[in-house]
Amino acid sequence: MTTDSPSPRSSQPWLHQKGEVIQEFGTVKQFPVALSYEARMYSCQRLNKALADTQILYGLYKKHHWLMRGATFYQLHLVLDKHAGEQLDIIDTIAERVQSLGGVAVGDPRHVAEITSIPRPPDGVEEVPAMLSRLLEAHETILIEAHDAAARTAEWGDDGTIDLLVSQVIRTGERQAWFLAEHLVDTPLVRA
C-alpha cells in the first residue's frame, strides 16, 4: 500500500502542510478578561506597535553589540548584549499580552518592518557614538509611544496593559537610555 501521508501511528512527520488563516492580524477574539471588545482592540493595536518597535530595538542592540569598536569595546559589548536580552524578555511579554487580549501578535520580521517607526540604520558599521545615539533615539521613540499608550489605555480601564507598559517598557527603557547616555559624556578615559 502506498500513501503520501504517514499513518496516524507513524513516526514520520507530516511535511509540507498548509492551512487557512484562522484569525486575521488586527482582530481580537472574545476572551473572558473583563474588558470590552473596543478596549482590547485598542490595546492590541498599541501593543503591536510597541512590539514592532521593540523588536527593531532588540535587533539594533544585537547589531551594535557585534560591531562595537574602540577603547570601551568590552564594556559596551557586554552592556549592549545585556540590554538586548532585557528587550527580548519585553518582546515576549508584549506578545503574550496581545495574545491574552484575544489579538494576534506581530511576529514576522517583514511585517514588523512595515509597522515600526524606528528608522533603518545603515547596513555598515557606524562610529560608536553614532551607534549609541541611534539606540537612544530608538528608546525615545518607544518611550514617547509607551507613555501615550499607557495614558490612553487607562481611559479604557486596561490595567494589565498599563502595568506592562509602565513597569517593563518604560522603566526598562529609561534605565537603558540612562546607561547609554552616560557613555556619550565627554570625559577622558585617563587623566594626563
Side-chain angles (χ1 to χ4, degrees), residues 23-28 33 35 39-68 76-123 126 130-154 156 158-184:
Q23 184 180 354
E24 293 290 335
F25 181 80
T27 65
V28 293
V33 294
L35 289 170
R40 292 180 303 107
M41 179 64 90
Y42 183 79
S43 290
C44 285
Q45 290 169 347
R46 295 304 296 262
L47 287 167
N48 268 317
K49 176 71 168 75
L51 180 56
D53 289 343
T54 303
Q55 288 181 68
I56 296 298
L57 178 60
Y58 167 77
L60 286 174
Y61 265 118
K62 289 307 284 188
K63 176 184 180 179
H64 297 332
H65 157 79
W66 298 320
L67 302 179
M68 197 44 54
L76 284 171
H77 183 74
L78 292 178
V79 81
L80 296 183
D81 200 39
K82 179 181 183 293
H83 286 190
E86 293 169 352
Q87 290 299 319
L88 191 57
D89 289 342
I90 292 171
I91 288 167
D92 195 51
T93 302
I94 295 171
E96 288 174 354
R97 179 68 185 163
V98 170
Q99 296 301 127
S100 73
L101 292 171
V104 177
V106 60
D108 186 288
R110 295 161 294 192
H111 192 187
V112 167
E114 293 170 2
I115 296 173
T116 189
S117 55
I118 296 174
R120 182 178 174 165
D123 291 334
E126 294 178 282
M131 287 191 275
L132 297 179
S133 291
R134 185 172 299 284
L135 288 166
L136 281 169
E137 290 165 8
H139 271 294
E140 186 171 34
T141 297
I142 291 169
L143 288 167
I144 289 168
E145 286 288 323
H147 281 288
D148 184 66
R152 294 187 185 271
T153 54
W156 291 100
D158 185 355
D159 297 326
T161 296
I162 297 164
D163 179 56
L164 184 160
L165 290 168
V166 173
S167 68
Q168 295 188 44
V169 176
I170 293 172
R171 286 195 183 130
T172 302
E174 288 173 346
R175 183 180 43 78
Q176 289 182 349
W178 168 47
F179 275 54
L180 294 174
E182 291 299 333
H183 281 279
L184 292 174

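This one's a predicted model, so the numbers in the text were calculated from it and none came from an experiment.
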Query raised in the report: Does atom CD of Glu174 have more than 12 heavy-atom neighbours from other groups under 6.0 Å away?
Result: yes

Are side-chain heavy atoms of [X] and [Y] found at a separation under 4.5 Å?
X: Asn48; Y: Leu51; value: yes
X: Ile142; Y: Ile118; value: yes
X: His183; Y: Leu80; value: no
X: Ser100; Y: Val33; value: no
X: Leu35; Y: Leu101; value: yes
X: Ile115; Y: Phe25; value: yes
X: Leu132; Y: His64; value: no
X: Leu135; Y: Leu57; value: yes

Report task. Mind running side-chain contact (heavy atoms from CB on, under 4.5 Å) on His139 and Gln87 for me, showing each step along the way? Result -> CA-CA 11 Å; His139 271 294; Gln87 290 299 319; 3.8 Å; yes

Testing the basics here: between [X] and [Y], what is the closest heavy-atom pair and its distance to 0.1 Å?
X: Gly107; Y: Gln55; answer: O-OE1, 3.9 Å
X: Ile170; Y: Val166; answer: CB-O, 3.7 Å
X: Ala177; Y: Leu136; answer: O-CD2, 3.3 Å
X: Tyr58; Y: Ala84; answer: CD1-O, 3.2 Å
X: Leu184; Y: Ser133; answer: CD1-OG, 3.7 Å
X: Leu47; Y: Leu165; answer: CD2-CD2, 4.3 Å

Query raised in the report: Only one of Arg40, Arg97, Arg152, Arg46 forms a side chain to side chain donor-acceptor pair (under 3.5 Å) with Asp158, so which one is it?
Result: Arg97

Can you tell me how far [atom2] of [Y] sits from [atom1] of [X], rounded to the nearest 0.5 angstrom?
X: Thr172; Y: Ile90; atom1: OG1; atom2: CD1; value: 4.0 Å
X: Gln99; Y: Glu96; atom1: CD; atom2: CD; value: 9.0 Å
X: Tyr61; Y: Leu180; atom1: OH; atom2: CG; value: 4.0 Å
X: Leu88; Y: Thr93; atom1: CG; atom2: OG1; value: 9.5 Å

Query raised in the report: Ile56 and Arg120: side-chain contact (heavy atoms from CB on, under 4.5 Å), yes or no, with the steps?
Result: CA-CA 9 Å; Ile56 296 298; Arg120 182 178 174 165; over 6 Å; no

Query - Main-chain N/O of Asp89 paired with Gln168 side-chain donor or acceptor, under 3.5 Å - result: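 The answer is no, because no donor-acceptor pair under 3.5 Å joins these two groups.
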
Query raised in the report: Is there a donor-acceptor pair closer than 3.5 Å between any side-chain N or O of Thr116 and the backbone N or O of Val112?
Result: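 Such a contact is absent between Thr116 side chain and Val112 backbone.
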
Query raised in the report: In terms of ring plane angle, is the pair His77 and His65 parallel, tilted or perpendicular, where the classes change at 30° and 60°?
Result: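 Parallel, since the angle between the ring planes stays under 30°.
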
Report task. Verify side-chain contact (heavy atoms from CB on, under 4.5 Å) between Glu140 and Glu137, making sure each step is shown before the conclusion. Result -> CA-CA 5 Å; Glu140 186 171 34; Glu137 290 165 8; 5.5 Å; no

Report task. State plainly whether the residues Glu86 and Lys82 are in salt-bridge range, i.e. N to O under 4.0 Å. Result -> yes

Query raised in the report: Thinking salt bridges, do Lys49 and Glu145 make one under a 4.0 Å N-O criterion?
Result: no

